[in-house]
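In each ligand, atom 1 is the first atom listed, and ligand 1 is the first ligand listed.
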Amino acid sequence: MTQFVTTTEMLTLEDYTMNDFDIPQEVLIERAAIAVQEVIGAGSFNLSHILVLVGLGNNGADGIALGRLLHQQGLSVSLQFVGNLNRAKASVHKQLEIAKHCGLHPSEKSDFKEATLIVDAIFGTGLNNPLPEGLQKMMKAANHIDNDVIAIDTPTGINPNTGEVMGAALKAHTTVALGYPKVGLRKNQGRKYCGDLVVKDIGVLTPDTFAFSL
Ligand SMILES: NC(=O)C1=CN([C@@H]2O[C@H](COP(=O)(O)OP(=O)(O)OC[C@H]3O[C@@H](n4cnc5c(N)ncnc54)[C@H](OP(=O)(O)O)[C@@H]3O)[C@@H](O)[C@H]2O)[C@H](O)CC1
Ligand SMILES: [K+]
């Protein structure tokens with residue numbers, strides 16, 4: 001039976017892993033990227049041109065690390081930031097520096113139609129409000145383009161706890177849940193927008209005494 005979690009529970013387990021075992025966040029980000037790379041490699045996706053849509057939090061950091069790994073595989077990858085990079089978390093800046101050092105630089109503006117596969121690394125469990133208007137329009141437009149979307153952790157726009165669409169959401173062919181799937185992926189619109197749900201272990205540790213609420 002798959003264990004689903006709330007975002008609070010996920011944060012508790014992330015903190016336990018990083019603080020009690022001194023496992024750096026970068027390790028979890030790298031393992032998240034490798035996990036999604038494995039799903040992409042195991043699938044039958046058209047990898048001719050991969051567009052990674054990157055947000056300003058750790059979901060975005062996962063996406064940049066994944067983009068770097070795919071670039072190093074020799075695949076054609078574009079990194080497209082969504083939002084003002086000046087407001088990005090340190091993890092995003094760190095992954096961006098590594099990616100640029102490996103020869104992968106962010107694109108100014110990408111044409112969604114040219115992408116054969118889109119990676120959704122905009123928002124994950126940190127989504128806490130309806131999407132900004134501009135992003136809602138972008139998600140609605142992207143949903144009308146015929147290319148596969150792989151969502152990292154959660155589809156952008158889906159409330160990770162309630163499964164509600166927060167103004168708009170990007171429909172995924174496949175969602176790769178990191179550690180544990182979030183409960184919003186089996187509720188309301190979450191189930192429809194997440195597509196095939198693949199749960200991947202990224203080394204998040206769980207205390208034996210941990211009491212899951214679900
Ligand atoms: N499960 C794990 O062990 C790991 C998960 N990882 C990944 O981390 C994300 C969660 O990262 P987080 O930085 O908490 O949040 P997001 O990246 O989802 O969101 C980015 C920030 O965006 C802001 N935000 C939220 N909602 C909105 C909105 N509607 N409009 C604009 N901006 C919004 C918010 O910042 P605030 O300052 O507003 O709080 C978010 O912080 C998880 O999904 C995984 O992909 C780790 O990388 C690896 C371990
Ligand atoms: K996402």
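Minimum heavy-atom separation, Asn147 to Phe112: ND2-O, 3.2 Å. Across all their heavy atoms, Pro160 and Thr154 have their closest contact at CB-CG2, 4.2 Å. Ile152 and Leu66 get closest at one heavy-atom pair: CD1-CD2, 4.2 Å. The minimum heavy-atom distance linking Gln3 with Leu214 is given by the pair NE2-O, 3.5 Å.
Ligand-side atoms of ligand 1 in range of Ile29: 47 (O), range being under 4.0 angstrom from any heavy atom. Listed by number with element, the atoms of ligand 1 under 4.0 angstrom from any heavy atom of Lys89 are 12 (P), 13 (O), 14 (O), 41 (O). With ligand atoms numbered from 1 in the order given, ligand 1 contributes 3 (O) to contacts under 4.0 Å with heavy atoms of Val204. Of all atoms in ligand 1, listed by their number and element, those nearer than 4.0 Å to a heavy atom of Asp153 are 42 (C), 43 (O), 44 (C), 45 (O). Of all atoms in ligand 1, numbered sequentially from 1 with element shown, those under 4.0 Å from a heavy atom of Gly124 are 16 (P), 18 (O), 43 (O). Close approach of ligand 1 to Leu178 is summarised as follows: ligand atoms under 4.0 Å from at least one heavy atom of the residue are 1 (N), 44 (C), 45 (O). Distances below 4.0 Å separate heavy atoms of Asn128 from the following atoms of ligand 1: 25 (C), 26 (N), 27 (C), 38 (O), 39 (O).
Protein heavy atom closest to atom 10 (C) of ligand 1, with residue, atom name and distance, is Thr125 OG1, 3.2 Å. Scanning all protein heavy atoms for the shortest distance to atom 29 (N) of ligand 1 gives Asn129 O, 2.8 Å. Glu14 OE2, 3.2 Å is the protein heavy atom nearest to atom 1 (N) of ligand 1. Closest to atom 9 (C) of ligand 1, if we only count protein heavy atoms, is Asn59 N, 3.6 Å. Among all non-hydrogen protein atoms, the one lying nearest atom 11 (O) of ligand 1 is Asn58 CB, 3.3 Å. Summary of contacts: the protein heavy atom closest to atom 40 (C) of ligand 1 is Gly126 O, 4.0 Å. Closest to atom 19 (O) of ligand 1 among all protein heavy atoms lies Phe123 CD2, 3.5 Å.
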Would you sort out whether Tyr193 and Thr156 count as a side chain to side chain contact (heavy atoms under 4.5 Å, CB included), showing the intermediate values? CA-CA 9 Å; Tyr193 276 78; Thr156 288; over 6 Å; no
Determine, step by step, whether Leu127 and Thr125 satisfy the side chain to side chain contact (heavy atoms under 4.5 Å, CB included) criterion, reporting the C-alpha distance in whole Å, the side-chain angles of both residues, the deciding distance to 0.1 Å, and the verdict. CA-CA 6 Å; Leu127 184 65; Thr125 53; over 6 Å; no
Side chain to side chain donor-acceptor pair (under 3.5 Å) between Glu164 and Thr162, worked out: CA-CA 5 Å; Glu164 290 161 313; Thr162 67; 2.7 Å; yes
For a side chain to side chain donor-acceptor pair (under 3.5 Å) check, start with the C-alpha distance between Asn84 and Asn86, then their side-chain angles and the critical distance, and finish with the verdict. CA-CA 5 Å; Asn84 180 344; Asn86 297 330; 3.3 Å; yes
Please lay out, stage by stage, how Asp196 and His173 fare under the test side chain to side chain contact (heavy atoms under 4.5 Å, CB included). CA-CA 6 Å; Asp196 297 336; His173 172 279; 3.9 Å; yes
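When non-hydrogen atoms are compared, ligand 1 lies under 4.0 Å from neither the backbone nor the side chain of Ala121. Contacts between Met10 and ligand 1 below 4.0 angstrom, taking non-hydrogen atoms only, involve the side chain exclusively. No part of Thr17 comes within 4.0 Å of ligand 1, judged by heavy-atom distances.
The pair Arg31-Glu38 fails the salt-bridge criterion, with no side-chain N (NZ, NE, NH1 or NH2) lying under 4.0 Å from an Asp/Glu carboxylate O. A salt bridge links Glu97 and Lys100; the closest N-O separation between the charged side-chain nitrogens and carboxylate oxygens is under 4.0 Å.
Exactly one of Thr17, Leu178, Ile23 qualifies for a side chain to side chain contact (heavy atoms under 4.5 Å, CB included) with Val204. That residue is Thr17.
Under 3.4 Å from the K ion (ligand 2), one finds the following protein N/O/S atoms: Asn59 OD1, Asp120 O, Asp120 OD1, Phe123 O, Ile152 O, Thr154 O.
At a 4.0 Å cut-off, not a single heavy atom of Ala32 sits close enough to ligand 1 to count as contact. Within the 4.0 Å heavy-atom shell around ligand 1 one does not find Ala61. Every heavy atom of Leu13 sits 4.0 Å or more from the atoms of ligand 1.
For the pair Pro130 and ligand 1, the shortest N or O to N or O distance falls below 3.5 Å.
Within a 6.0 Å sphere centred on NZ of Lys94, heavy atoms belonging to other residues, nucleotides or ligands number 12 at most.
Protein non-hydrogen atoms do reach within 4.0 Å of atom 43 (O) of ligand 1.
For the side chain to side chain donor-acceptor pair (under 3.5 Å) test, residues two or more places apart in sequence or in another chain that qualify with Ser91 are Asn58.
Going from atom CZ of Phe123 over to atom CG of Asn128 covers 8.0 Å, rounded to the nearest 0.5 Å. A distance of 5.5 Å separates CD1 in Ile29 from CD in Gln95, rounded to the nearest 0.5 Å.
Of the possible donor and acceptor atoms, none in the side chain of Asn159 sits under 3.5 Å from a partner among the backbone N and O of Met166. Looking at Ser107, its side chain never comes within 3.5 Å of a backbone N or O of Lys109 through a donor-acceptor pair.
Nearest to atom 30 (N) of ligand 1 by heavy atom, out of Pro132, Ala35, Gly157, is Pro132. Comparing Thr154, Asp62, Val176 by heavy-atom distance to atom 6 (N) of ligand 1, the nearest is Asp62.
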